Amino acid sequence: MRIKFFPLDVTYRVVRGMPVIHLYGRTSEGRQVCVADSSFEPYFWLVNGQREDVERIAVQQPGGEVRVKRVEQHQKKYRGSSVNALKVFAGLPSDVPLLRRAASMYGTALEADIPFARRYLIDKGIVPMMACEVEGEFEHNPSYRVPLFRAASISESSEEVAEGLRIVSFDIETHSPLGKEIIPAEQPIIMLGVASGGFQRVITWKRFDTQLDYVEFVDDERQLLERFVQLVEELQPDVLAGYYSDGFDFPFMLARAARNNVQLPIGLDFSQPRAAKSQVDVAGVVHLDVLKFIRKIFGRYMETPVFDLNSVAVEILGEGKHGIGLDGLWNAWENNVGLEDYCRYNVQDAVLTGKLAQRLFPNMVELVRVVGMPLADVSRMSFSQLVEWYLLGQARSFGELAPNRPEYVETRQRLEHTFEGAYVHEPTPGLYSDVAVFDFRSLYPTIISAHNISPDMLNCGCCDQAFAPGLKFWFCSKRRGLISSVIEGLITRRMRIKELLKSAEDRKLLKAREEALKTIANSIYGYFGFFGARWYSMECAQSITAFGRDYITGVIGRAKERFGVLYSDTDSIFLTLGGSGRDDAEKFVAEINRELPGLMELEYQGFYPAGLFVGTREKGIGAKKKYALITEEGNIRIKGFEAIRRNLSPIAKETQERVLEIVLKERAPQKALEYIAAIVSAARNREIPQGKMIITTQLQKDLASYDSIAPHVAVAQRMRQQGRQVLVGSMISYIVTAGKDRIRDRAKLPEEVKGNDYDSEYYINNQILPSVERIMAVFGIDVIREVEPLQQKRLDAFFG
DNA sequence: TTAGATCGGGG
DNA sequence: GTGTACGATCTAA
């Protein structure tokens, strides 16, 4: 019979001396199954070797002799040349490293370190989570929790994505004294929370009166663990999500299970979670450690610098933890008081983890679609790994053999290499009119595509030496390289999706798809320069920035003929149009674009009636990445200024924004100065409401680990003493009050401050004036000196 | 200043 | 598992 099937997890198992691939997943009818495929053999490649030598290889092992099973001859490509490659088959995946070592005497062994299950996906064209058709028969087998489907044949994946997968999230609380070492051997698990959709459950083993319907009591820790296994059986998750469950929840549970002499057979083959180096796998189920994905990939696109559950949930879900912290849990458990609150806490962590998994799921699935590897792996990959596994899949369809990963010496050599980066045209501080901004759309990816930048095309022997700008090497202009073609595919796919997005009703999925393609395309430049990369190429990385500098300086040179050039960084350019109109800017862009090769495109990003560039502390130099623009509608766009940072009081932010507005809209620096003077005076007379004096700073690390006690740390310490929840990543708000003590002793919680009793001078000198200092300096105005006389007059009056 | 060590997240 | 992190920040020399 034939089934339509969405594979989620892929492993293999040795049955009667033969490796059998196991694909776990759901059928189109929503049934969980395990598809077993015995038709795939382990192998690796050998180039520059003789068939007769390889066929004779025999490695003596304690378990017996390991031999090459058979050898095939193929025509492949390697580093841009056609090669005779021997496909060397082994009996078992674990034989491959042994045979590789032996075979290395006769040639260059390639692709000998690709895990068997991943090799299978690549070679069969199967993409996890995408539909494939399997021909075969169901078979009853008591070794599995799900029906076994023995595959006779399997198709490549289609474009159809799995839907309606069940995500179950979980979280444990342990009996560990807070702030001290966590010791799994000594400290039991006291609560376990599970959530899935609307389902919520907390298992705990001390009884107390409660109205909470999701709390379930058992007798001891052992029963708690057994109940967890039952719950997983009942809920049948496709995805089991935790937060730092690779590093904490699962390892802790495994340690406690061992101590209690119980098994945790939650795998679909009744196996326990398997703890590898820094990853825990559950057979047949996608174990998702939400933190891993955030730390490695998604965190790049986030604001928060700390990735604890609370901060991440606040930013992604707009909803954080509420209620108590864990400070009192140890005592509560010892004395069995107030445990209900901790059950709420526990279930909340499981629920938030589940919501995060749900929210990030489309992004992860789209990465799976592009990269072609299982979700459990993709969700743990770094940018370079995503690129590498994507390329490994693509290389096969190009008939290209992958280079090996670098060995130690090679790695060290690579680490010593540095090269020239992007071009920056530093701005001259000043206020400018009629600012036009252009930028290259996906500069580096389009350069890679347009100039065929690919290691296999480097210094070809077949065409003229058309050097990369200022460099001594060139790329082939007759054939297409692997990586340049692949990136062109990514760019054009992304362009099509962006087109669809314009008219799409349901944008979420397309957006995730577009972001996944962008993520991979944008990572390839960095990948070329990454020391651990298979397709590492200093020449490629160098050429990309060289072309980038060449293009942007080319545009700058052309622009100078007609406009004033204000600023440029990597792929963007800011011009002042002067006497010429905006039509000229449009003509200019069109002109440039007519000459740009391939998919390269300069975009007219916007027109701004005025723009301000400020200086750095050293006089005369313009600050990079720091400017303010005003749109025709009168909206101000600020980049790099303090106003968009957090630890500035509202009054300082407002003053900075208003000053920028006066300067950009009215071009009246003198008026701005008067405004500043008025604010300073109002602050001094305590006419500004204290609410505008609140400084908010995020706690970057655990409270105990601060050495220098900044004001916000002192406030956080007092909050904790009052029994309030203070977590890493918590936003701490305070007001500096008047007095003579150290600042940190005068920092008070806003609700502790009455009657605008703030330290005016502190706010004037440390918040308000510094926030406008560099803006006014552009006009030759030294705010501190100009506002000083006011202060001086007061002092004169006092002493006079 | 540099090289080497530790940490993140979790309780 | 035919394999494994990595980049920032602190500490000691």
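Protein chains get the first letters and strands the later ones, always in sequence-line order, with residue 1 at the start of each. Bear in mind the structure is a predicted one, so any value in this text is a computation, not a measurement.
Nucleic acid contact class of A:Leu329 (heavy atoms, under 4.0 Å, all strands): sugar-phosphate only. Counting any heavy atom pair closer than 4.0 Å across all strands shown, A:Asp171 reaches sugar-phosphate atoms only and no base atom. If you check every strand for non-hydrogen atoms under 4.0 Å, A:Tyr12 touches sugar and phosphate atoms only. Using a 4.0 Å heavy-atom criterion, one finds that A:Phe252 contacts no nucleic acid atom at all. Backbone-only contact: A:Pro97 has heavy atoms under 4.0 Å from sugar-phosphate atoms and none from a base. Residue contacts for A:Ile172: at a heavy-atom cut-off of 4.0 Å it reaches the sugar-phosphate backbone alone, with no base atom in range. Residue contacts shown for A:Asp349 are limited to sugar-phosphate atoms, with no base heavy atom under 4.0 Å away. Within the nucleic acid shown, A:Phe44 has no heavy atom closer than 4.0 Å to any nucleic acid atom. When heavy atoms are screened at a 4.0 angstrom cut-off, A:Lys180 is found touching base atoms of the nucleic acid.
Contacts between residues 106-119 of chain A and DNA chain C, defined by a heavy-atom separation under 4.0 Å, are made by A:Glu111, A:Ala112, A:Asp113, A:Ile114, A:Pro115, A:Phe116, A:Arg118, A:Arg119.
Qualifying ring pair (Phe, Tyr, Trp, His ring centres under 6.0 Å) partners for A:His74, counting only residues two or more places apart in sequence or in other chains: A:Trp45. Considering only residues two or more places apart in sequence or on other chains, A:Tyr244 meets the ring pair (Phe, Tyr, Trp, His ring centres under 6.0 Å) condition with none of them. Remark: A:Thr519 pairs with A:Tyr301 by the side chain to side chain donor-acceptor pair (under 3.5 Å) rule, at least two apart or across chains. Taking A:Glu41 as the reference, A:Lys69, A:Arg70 meet the side chain to side chain donor-acceptor pair (under 3.5 Å) condition, with sequence neighbours excluded. Annotation: side chain to side chain donor-acceptor pair (under 3.5 Å) contacts of A:Asp53 (sequence neighbours excluded): A:Arg56. Partners of A:Glu65 according to the side chain to side chain donor-acceptor pair (under 3.5 Å) rule, which considers only residues two or more places apart in sequence or in another chain, are A:Gln60. Not counting sequence neighbours, the partners of A:Tyr444 by the ring pair (Phe, Tyr, Trp, His ring centres under 6.0 Å) test are A:Tyr525.
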Look for any protein N or O under 3.5 Å of an N or O in nucleotides 4-9 of chain C and output each such pair with its distance, or none.
unit_1	atom_1	unit_2	atom_2	d
C:dT4	O4	A:Gln279	OE1	2.9

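Nucleotide B:dG10 holds its P atom 16 Å from the CD1 atom of A:Ile190, rounded to whole Å. Rounding to whole angstrom units, OH of residue A:Tyr345 and P of B:dG11 are separated by 5 Å. Between A:Phe250 atom CZ and B:dG9 atom P there is a gap of 21 Å when expressed in whole angstrom units. Rounded to whole Å, atom C1' of B:dG9 lies 5 Å from atom CG of A:Leu291. In this entry the distance linking CD1 of A:Ile182 with C1' of B:dC7 reads 14 Å, nearest Å. Atom P of nucleotide B:dG10 and atom CG of A:Asp308 are separated by 5 Å, given to the nearest angstrom.
Checking side-chain atoms of A:Lys206 against main-chain N and O of A:Trp333 turns up a donor-acceptor pair under 3.5 Å.
The shortest distance between side-chain heavy atoms of A:Phe419 and A:Thr545 falls below 4.5 Å.
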